[in-house]
Amino acid sequence: MSSYVVVGASRGLGFEYLKQLSENPENVVVGLVRNVQATKEKVAAEINRPNVHIFYTDLNDYKTLPGAVEETSKVSGGKLDVLIANAAVGGDHFDQTLSQLGSDPGKLEKDLTDCFRLNAVAQAHAVNAFMPLVLLGKAKKVIMMTTGMADVDLVRKYDIWMAVGYCASKAALNMIIAKFSAEYREKGVLFLGISPGVVDTSATDTDGSKDPTNPALSALGAKLLEYEPGWKGAITTEESIKKVLSVTEKASVEDGNAGDFLSHFGNKKWV
Ligand SMILES: NC(=O)c1ccc[n+]([C@@H]2O[C@H](COP(=O)([O-])OP(=O)(O)OC[C@H]3O[C@@H](n4cnc5c(N)ncnc54)[C@H](OP(=O)(O)O)[C@@H]3O)[C@@H](O)[C@H]2O)c1
């Protein structure tokens, strides 16, 4: 039996984690969400397994974390094998460059601050809150969802100008992952940042198929095609999480993955 906490499990990849991890009835799978009632109803309708538990957390308020840790501890036997930090925000200005954002300094400040607060700072709070349980767990893994768009070389080589706040905050998250790893590797805890590929969720439309009139989305799709001419567009949540789980299940401190930043292919190929 393994225990998992998925932070930000109401929809998209987080919900798919709940589905796939609960397939093994021995697993205890906890989803942390802002909208408990709606998520419970969705779980009942689409998963309906007794090993899925939904508790409240709003990452905008770190004071909600101790309650979630307490609830988790009750169903997981006072320990946790794998923490999955999945929640994120994309910012409101995907289609603006830094200088366009800067034409209204307040807008630039808000976009960057909103993204950093949730995608970097709140993630650190969530990890700190759950660490006592993780240290008592067997697997001792902290998996943090990041993005290939936070790969500076990718941005540099293909001039990926869009999604400034999102990319910069995920790059900060990558450093937070490395810093946590530096602190906990000797205690046997694996911290791993993983990019799930471009996945068809509410957060993405990068192949432009849903909104072909959005030039920034089409531009990103074109850049990704230049990066990988064989790219076929967004994959499903099911395919993404299957690949992600296969990478994260194999990854270990012993094999040199501590603090690493990998794709769903287990390497640095992002799509
Ligand atoms: N989809 C992709 O192609 C892609 C690519 C690269 C990386 N990723 C990463 O993969 C992860 C999941 O992405 P996704 O596409 O599934 O995103 P999504 O569909 O936008 O879902 C985001 C999740 O985060 C939760 N969340 C946001 N703010 C929260 C808060 N304050 N407290 C608690 N939960 C909060 C949302 O809950 P609510 O329902 O309450 O808003 C939702 O469950 C993210 O970290 C994302 O950056 C995704």
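Predicted model, so just to flag it, every value in this text is computed and none were measured. Order of appearance sets the numbers: ligands from 1, and atoms from 1 within every ligand.
Those atoms of ligand 1 with a heavy atom of D58 less than 4.0 angstrom away are 30 (C), 31 (N), 32 (N). Residue contact check: T201 has heavy atoms under 4.0 Å from atoms 1 (N), 14 (P), 15 (O), 16 (O), 19 (O) of ligand 1. Shown in contact with V198 at under 4.0 Å from a heavy atom are these atoms of ligand 1, numbered in order with element: 3 (O). Of all the atoms in ligand 1, the ones that sit under 4.0 Å from a non-hydrogen atom of T147 are 6 (C), 7 (C). Atoms of ligand 1 found under 4.0 Å from any heavy atom of L118 (numbered from 1 in listed order, with element): 31 (N). Atoms of ligand 1 lying under 4.0 Å from any heavy atom of M145, numbered from 1 in the order shown and given with element: 10 (O), 11 (C), 45 (O).
Looking at V33 against ligand 1, nothing comes within 4.0 Å, counting heavy atoms. Of all the heavy atoms of P196, the ones lying under 4.0 Å from any atom of ligand 1 belong exclusively to the side chain. Residue contacts with ligand 1, taken as heavy atom pairs separated by less than 4.0 Å, do not involve T237 at all. Proximity of F15 to ligand 1, defined as any heavy-atom pair under 4.0 Å, is not found for any part of the residue. The proximity of M149 to ligand 1, defined as any non-hydrogen pair under 4.0 Å, does not occur for either the backbone or the side chain.
Ligand 1 does not have A122 within reach: every non-hydrogen atom of the residue lies 4.0 Å or more from it.
Remark: the backbone N or O of L135 is not paired with any side-chain donor or acceptor of Y184 at under 3.5 angstrom. A donor-acceptor pair under 3.5 Å is formed between the side chain of N27 and the backbone N or O of L21. At least one donor-acceptor pair closer than 3.5 Å links the side chain of S181 to the backbone N or O of G259.
In this structure, V29 is a member of the same hydrophobic cluster as I194, with clusters built from ILVMFWY side-chain heavy atoms closer than 4.5 Å.
The option with the heavy atom closest to atom 7 (C) of ligand 1, from among T146, T39, I194, is T146. Between atom 46 (C) of ligand 1 and the options Y56, Y166, Y17, the minimum heavy-atom separation is to Y166.
With sequence neighbours left out, D61 forms a salt bridge (Lys or Arg N to Asp or Glu O under 4.0 Å) with K63. With sequence neighbours left out, the salt bridge (Lys or Arg N to Asp or Glu O under 4.0 Å) criterion links E228 to K269.
The pair K268-D260 counts as a salt bridge, with a side-chain nitrogen and a carboxylate oxygen less than 4.0 angstrom apart. Under 4.0 Å is where a charged nitrogen must lie from a carboxylate oxygen, and between E183 and K179 no such pair does. We find that E238 and K242 are joined by a salt bridge, their nearest charged nitrogen and carboxylate oxygen being less than 4.0 Å apart. Under the 4.0 Å criterion applied to side-chain N and carboxylate O atoms, D114 and K110 are assigned as salt-bridge partners.
Between S10 and ligand 1, an N or O atom pair is found at a separation short of 3.5 Å. Between N35 and ligand 1, not a single N/O pair is under 3.5 Å apart. For L13, a nitrogen or oxygen atom sits less than 3.5 Å from a nitrogen or oxygen atom of ligand 1, counting backbone and side chain alike. Of the N or O atoms in K170, one or more lie within a sub-3.5 Å distance of an N or O in ligand 1. Note: no N/O pair closer than 3.5 Å links G14 and ligand 1 by distance alone.
The closest side-chain heavy-atom distance from M145 to L173 is not below 4.5 Å.
Rounding to the nearest 0.5 angstrom, the gap separating the CG atom in D111 from the CG atom in D92 is 6.5 Å.
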